Amino acid sequence: MSLRIGSAVVNVADMEAMTDFWAAALGLAPSRREPGDGFRVLRGERVNLSLQLADSAVTARDQMHLDLYSDDGDAQVARLVALGAMKVRENHDPDDTYVVLTDPEGNEFCVCWVDQP
């Protein structure tokens, strides 16, 4: 048996708000939406993202974050900010262009510029 990543897990304080944000940001659908859910999988055609209810909000950069790849980084950053993300910093190196953002609860993630294959 081989291993594969089933999903990345983001700890959240507000399950509904974070479900709305990440589902809209990545075009994912919640596996279920039951009141009091402590864990929820947002499913997509090629990727899953899981949300887990945490006891406290993020207070510092976590050990892990998401890198989201885009061939239109500027448009995606603008769209994510309109959904509630906040810009933290930008790196404009020709070989490594990305923007660090936070989701509505302060979890950092990056939008990285990549060329289409």
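As the structure is a prediction and not an experimental result, all values here were calculated from the model.
Distance check, rounded to the nearest 0.5 Å: CG of Leu51 to CZ of Phe39 gives 8.0 Å. Atom CH2 of Trp113 sits about 9.5 Å away from atom CD of Gln76, to the nearest 0.5 Å. Atom-to-atom distance recorded for Arg32:CZ and Arg43:CZ is 10.0 Å, nearest 0.5 angstrom. The line from CG of Leu83 to CH2 of Trp22 is 10.0 Å long, rounded to the nearest 0.5 Å.
Across all their heavy atoms, Arg79 and Ala24 have their closest contact at NH1-O, 3.1 Å. Between Arg40 and Glu34, the closest heavy-atom pair is NH2-O, 3.6 Å. When all heavy atoms of Leu101 and Ala85 are compared, the closest pair comes out as CD2-CB, 4.1 Å. Of all heavy-atom pairs spanning Glu108 and Thr102, the tightest one is CG-CG2, 3.8 Å. Closest approach of Cys110 to Tyr98, counting heavy atoms only: SG-CD1, 4.4 Å. For the residue pair Met18 and Asp103, the shortest heavy atom distance occurs at CE-OD2, 2.8 Å.
Here the side chain of Ser50 pairs no donor or acceptor atom with the backbone of Ser7 at under 3.5 angstrom. In this structure a side-chain-to-backbone donor-acceptor pair under 3.5 Å is present from Asp14 to Ala17. Between the side chain of Glu105 and the backbone N or O of Ala13 there is at least one donor-acceptor pair closer than 3.5 Å. Side chain of Asn91 to main chain of Asp96: a donor-acceptor pair is present (N/O by atom type, distance under 3.5 Å, no hydrogens or angles).
Between the side chains of Arg33 and Thr19, no donor-acceptor pair is found at a separation under 3.5 Å.
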message = If you apply the rule side chain to side chain contact (heavy atoms under 4.5 Å, CB included), what do you find for Phe109 with Val10, and how did you get there?
response = CA-CA 11 Å; Phe109 65 97; Val10 176; over 6 Å; no

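By the criterion of side-chain heavy atoms lying less than 4.5 angstrom apart, applied directly or through intervening Ile, Leu, Val, Met, Phe, Trp or Tyr residues, Val100 is not grouped with Leu66; the two fall into different hydrophobic clusters. Each of Val88 and Val81 belongs to its own hydrophobic cluster when Ile, Leu, Val, Met, Phe, Trp and Tyr are linked at side-chain heavy-atom distances under 4.5 angstrom.
Partner of Leu26 under the side-chain contact (heavy atoms from CB on, under 4.5 Å) criterion, out of Leu42, Leu68, Val47: Leu68 alone.
For Tyr69, the OH atom counts as loosely surrounded, since its 6.0 Å shell holds 12 or fewer non-hydrogen atoms of other residues, nucleotides or ligands.
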